[in-house]
Amino acid sequence: MGNYALAFALFKRCVEMAPTASEAHYGLGSMYIGLHNDSLALAHIKKSTELEPENTEYQERLAQLYLYSDKIDSAVVVYEELAHQVPDNTEYLGILIQIYEQQRDYKKMLDALGRLEVQEGQSEQITLAKMQAHSLLGDSDGAYKEIKQLADTHPYEMTYRVLMGNWLLNNGRKEEALKTFTDVLKEAPNNAQAQMSLMDYYRTVKNEQKADSLLEGLLVNPTTDTGTRTILLGEWLKTHGDASSADTKELLQKVLDVAPENIAARLQLIQILWNDSIDENVVKECRKAVEYIPGEVMLYYYLGVAQFVNDHPEDAINSLKSGVANQKSETPKSLMGEIYSILGDAYHKIGNKQASYEAYDSCLVYSPDLVVCLNNYAYYLSVEKENLKKAEQMSYKAITAEPNSAIYLDTYAWILYQQGNYADAKTYIDMAIKNLDPPEENEDNKEIFEHLRAINEKIK
């Protein structure tokens, strides 16, 4: 009921009345645990186990207290007693194995693992732990014996045979490893584990051509699971460097033919196309991506940007709004800021000024320092001659972040012009012209020169 003071008093009285009652000492000891009085807690819990040594609940609590008090050797004694007292409860052996491993007592660790194996039977996890203990003892023969026995006992379990091959490969027995992998693949040609291990073998013996051939085969194999395919794709891109190469593009297309929902391949292909040119091919690929992988915010962002760049602002708005609708708690704030920034640009392009400003405001909640949003929002306010003080603050933040941007300097100059501050406007428009490359007027920068002429006119 939460009345700890009264409970504590009653337990103390119980011990006074019946000092040989184990349950009274256990109750009082538990109260002392809550009061963080470790020494008295340990004394009473230990007393309860002495009075009722067959009570496993008391023994467990004592062992836990010993561990908490860093009395590891005492804890081991209690857990060993529990393991013998209740052999069916393998949790005690599991704790002992962890303790022996931490103490680097690998012989006792092996003994405990052997007892665990008797209770639970052979398993990959136990065998690997025994192999590790043998290896740490410098007993490579013992380690190999463990994995070979597991593989021999389960001849139709290919995983264990592949594990044995991996051990052989890692311990310099390359030819035996090769035979093990090839034998598995004779019986199970599509076994991904064996193919990956054989690929590692070829990398070890410097036969990169065969390794790459296996890797490509795994990538386009319909039976390869998504996680493995993603890892392999990362390895391919890492080892082949040029992610924009025609070979990589072709391979990604093959991967997507068998695994159209693989987001890693989708994103990589989009990135390659993006780097070439953000054209209608990118829009098409992004549309495919969101069809196969709906709900992925990053894909809606790419699609929205591609649509906006290719002059489809209404489509971009719909895609970006889908991205907003699918955001999750783990979606990066920076990504949401980018989405709202482009959304603001798209709304402005179709003339929806209010929606544009609302999107920019949302962007700055997620990414208050996103300079492209700060600049665009400020410029559009200056064009409309609205809220010029806010525009000035945002624009100043942008040029502080990127002081050599001709576009941002032009925005700030134009805001000053709209406020009648012609002298400062002249200073910043000159800086903008100076940072143009080339500094001559052309189709791309004609608006900046129009601003220059308007400001010069006022200066006269």
Side-chain angles (χ1 to χ4, degrees), residues 45 49 52-68 70-171 173 176-177 180-181 183-184 187-188 191-194 196-197 225 227-228 231:
I45 298 294
T49 64
E52 195 177 340
E54 71 281 1
N55 190 312
T56 56
E57 181 184 350
Y58 296 174
Q59 296 274 19
E60 268 195 62
R61 182 58 66 90
L62 178 61
Q64 290 165 359
L65 275 173
Y66 277 138
L67 282 179
Y68 185 76
D70 207 25
K71 300 179 186 295
I72 307 301
D73 290 340
S74 297
V76 166
V77 171
V78 180
Y79 277 123
E80 283 287 7
E81 178 58 33
L82 282 166
H84 285 95
Q85 198 172 333
V86 194
D88 291 343
N89 190 338
T90 55
E91 181 183 344
Y92 304 134
L93 284 170
I95 294 170
L96 284 166
I97 289 164
Q98 290 180 35
I99 292 173
Y100 290 141
E101 185 175 14
Q102 289 170 3
Q103 292 182 322
R104 300 183 181 180
D105 193 336
Y106 302 119
K107 287 185 178 179
K108 287 186 178 179
M109 180 183 169
L110 274 171
D111 176 71
L113 283 164
R115 286 184 279 157
L116 182 64
E117 194 170 51
V118 169
Q119 293 297 324
E120 295 188 348
Q122 267 189 331
S123 73
E124 179 182 335
Q125 184 179 6
I126 293 174
T127 297
L128 289 174
K130 290 172 78 175
M131 287 172 61
Q132 181 188 17
H134 278 295
S135 297
L136 291 167
L137 284 167
D139 179 14
S140 60
D141 290 338
Y144 178 63
K145 182 181 176 183
E146 293 291 346
I147 187 60
K148 189 174 189 307
Q149 183 181 17
L150 182 67
D152 290 346
T153 307
H154 301 85
Y156 300 110
E157 183 52 71
M158 301 301 168
T159 298
Y160 300 150
R161 290 165 66 182
V162 173
L163 283 173
M164 182 173 72
N166 290 340
W167 187 92
L168 290 166
L169 182 60
N170 292 332
N171 285 270
R173 295 163 67 170
E176 293 172 83
T180 303
F181 299 143
D183 285 348
V184 169
E187 296 180 41
N191 187 291
Q193 284 183 307
M196 288 179 70
S197 293
D225 65 84
T228 300
I231 292 169

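Everything quoted here is computed from the prediction, not taken from an experiment.
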Start with the C-alpha gap between E146 and D139, add the side-chain angles, then the distance that decides, and say whether side chain to side chain contact (heavy atoms under 4.5 Å, CB included) holds.
CA-CA 11 Å; E146 293 291 346; D139 179 14; over 6 Å; no
Is there a side chain to side chain contact (heavy atoms under 4.5 Å, CB included) between I99 and L67? Walk through the geometry before answering.
CA-CA 10 Å; I99 292 173; L67 282 179; 3.9 Å; yes
Go through it in stages, so that I can follow the logic: the residues are H134 and K145, the test is side chain to side chain contact (heavy atoms under 4.5 Å, CB included), and I'd like the CA-CA distance, side-chain angles, deciding distance and then a yes or no.
CA-CA 10 Å; H134 278 295; K145 182 181 176 183; over 6 Å; no
Going through the checks in order, is the side chain to side chain contact (heavy atoms under 4.5 Å, CB included) test met by L110 and Y100?
CA-CA 9 Å; L110 274 171; Y100 290 141; over 6 Å; no
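In this structure, L62 and E60 have side chains that are not in contact, with every pair of non-hydrogen atoms separated by 4.5 Å or more. In this structure the side chain of L128 reaches within 4.5 angstrom of the side chain of E124, judged on heavy atoms. In this structure, the side chains of M158 and E187 come closer than 4.5 Å at one or more pairs of heavy atoms. Between Q64 and Y79, the closest side-chain pair of non-hydrogen atoms falls below 4.5 Å. At a threshold of 4.5 Å between non-hydrogen side-chain atoms, the residues E176 and N171 do not count as touching. In this structure, the side chains of T49 and N55 stay at 4.5 Å or more apart for every pair of heavy atoms.
Ring orientation note: the planes of Y160 and H154 are nearly perpendicular, at an angle over 60° on the 30°/60° scale.
Looking at Q122, its side chain never comes within 3.5 Å of a backbone N or O of E117 through a donor-acceptor pair. D225 places a side-chain N or O within donor-acceptor distance of the main-chain N or O of G227, the cut-off being under 3.5 Å. Side-chain atoms of Q85 come within 3.5 Å of backbone atoms of E54 as a donor-acceptor pair (strictly under, hydrogens ignored).
With sequence neighbours excluded, the residues forming a ring pair (Phe, Tyr, Trp, His ring centres under 6.0 Å) with Y144 are W167, listed by chain and number. The salt bridge (Lys or Arg N to Asp or Glu O under 4.0 Å) search around R115 returns E80, D111, not counting sequence neighbours.
Between the CG atom of L93 and the CG atom of L82 there is a distance of 10.5 Å, given to the nearest 0.5 Å. From M131, atom CE reaches atom CG of L113 across 12.5 Å, with rounding to the nearest 0.5 Å. Of the inter-residue distances, the one linking T127 atom OG1 with L163 atom CG reads 9.0 Å to the nearest 0.5 angstrom.
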